[in-house]
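Structure record follows, encoded as structure tokens.
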Amino acid sequence: MSGIGFEILARDGMARAGRLLTAHGAIATPAFMPVGTAATVKAMTPDGVAATGAQIVLANTYHLMLRPGAERIAALGGLHCFMNWPGAILTDSGGFQVMSLAALRKLGEDGVEFRSHLDGSRHLLTPERSVAIQHLLGADITMAFDECTPFPAAREAVEASMALTLRWAERSRAAFDERPGHGIFGIVQGGVHDDLRRHAAERLVAIGFDGYAIGGLAIGEGQATTFAMVEASVPFLPTDRPRYLMGVGKPADIVGAVRRGIDMFDCVLPTRSGRTGQAFTREGTLNLRNARHADDRTPLDRLCRCPACSGFSRAYLHHLTKAREILASMLLTAHNLTYYADLMVDLRAAIAAGRLADFRLAGEAA
Ligand SMILES: [Zn+2]
């Protein structure tokens, strides 16, 4: 069935290091996917993204269907060609953003009717339309259309939302057009309830997907609960298929989730932080707006190979950030994505060496 290959090369406890095989190349896992919402990783050229070490990016169905339009991108040769990104692309289903961004949403069994947040135009997003849009974009990995259950929510509401997501998962799977190198992932919902997570995982596995995502987390429930929900889901997912924790997260969240068997991540944190003067380094997180950097000749991170750390001082990066120069966003985004990519390299090496238990981030307690 699988259009996407997945090889596990090493295991350490629940963690795995492997390779995801797509129509646009192999992706070493555990992998971090930079977010390219509007067919661009903000402040980065595609070459720059590739230079960080990223092999796959995420693009957003909701944004691209509204502007410039999925049919237009298809006519222009598909998303890889349109954005000049030769690597793999995962597209989200639009479910999360239609609920968080669109106006006048009306949720029903068929899908979500809404008005664009850009121009007020009317749209209907259904499982079939979401999968069709992702096909028009040319996504290597398509996500099943889901409802991201809000947090907090009453158990009955979470249960009803999860049941709807499962019915939509079945329709998304049926609508997916099998092609070599392309696959579709199902999304485990179920809020913060162990039994609902297990039920969702088991139902999705019965439908059969190329990979499995855990969604509806990192929306305010806290790290301990996020990890608990990963632990409630992973044992019921197939060991030979990739597992993706959506929207996560901080470096410590990623390390903890890799230890619990997660293979793929996406988060706006490294890119968004880069545009607000925040840098992730091997000495912890730095705020470049802080005046204590004004006379500091040292690089951001001595061990980093990125453009920001090769020749620029913390003093200069502080100046660019204070002056709101475009170069500040470019350099800090490149740095943060390089930090995340190198974190994944280090995690893969630790798994291969059977030493993940000893893995520590700067400032992380042993
Ligand atoms: Zn750097």
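Atoms within a ligand are numbered from 1 in the order they appear, just like the ligands themselves. Please read these numbers as outputs of a predicted model, since none were measured by experiment.
Judged by the 6.0 Å and 45° rule, Arg260 forms a cation-pi pair with Phe227.
Looking at Thr321, its side chain never comes within 3.5 Å of a backbone N or O of Ala328 through a donor-acceptor pair.
Here the protein contributes Cys304 SG, Cys306 SG, Cys309 SG, His335 ND1 as N, O or S atoms under 2.8 Å from the Zn ion (ligand 1).
Checking Gln189 against Ser161 by side-chain atom types alone, no donor-acceptor pair falls below 3.5 Å.
The CD atom of Glu128 sits 11.5 Å away from atom CD1 of Ile133, with the distance rounded to the nearest 0.5 Å.
With sequence neighbours excluded, the residues that form a ring pair (Phe, Tyr, Trp, His ring centres under 6.0 Å) with Tyr62 are Phe114, His117.
Nearest heavy-atom pair across Leu164 and Glu147 is CD2-OE1, 4.2 Å.
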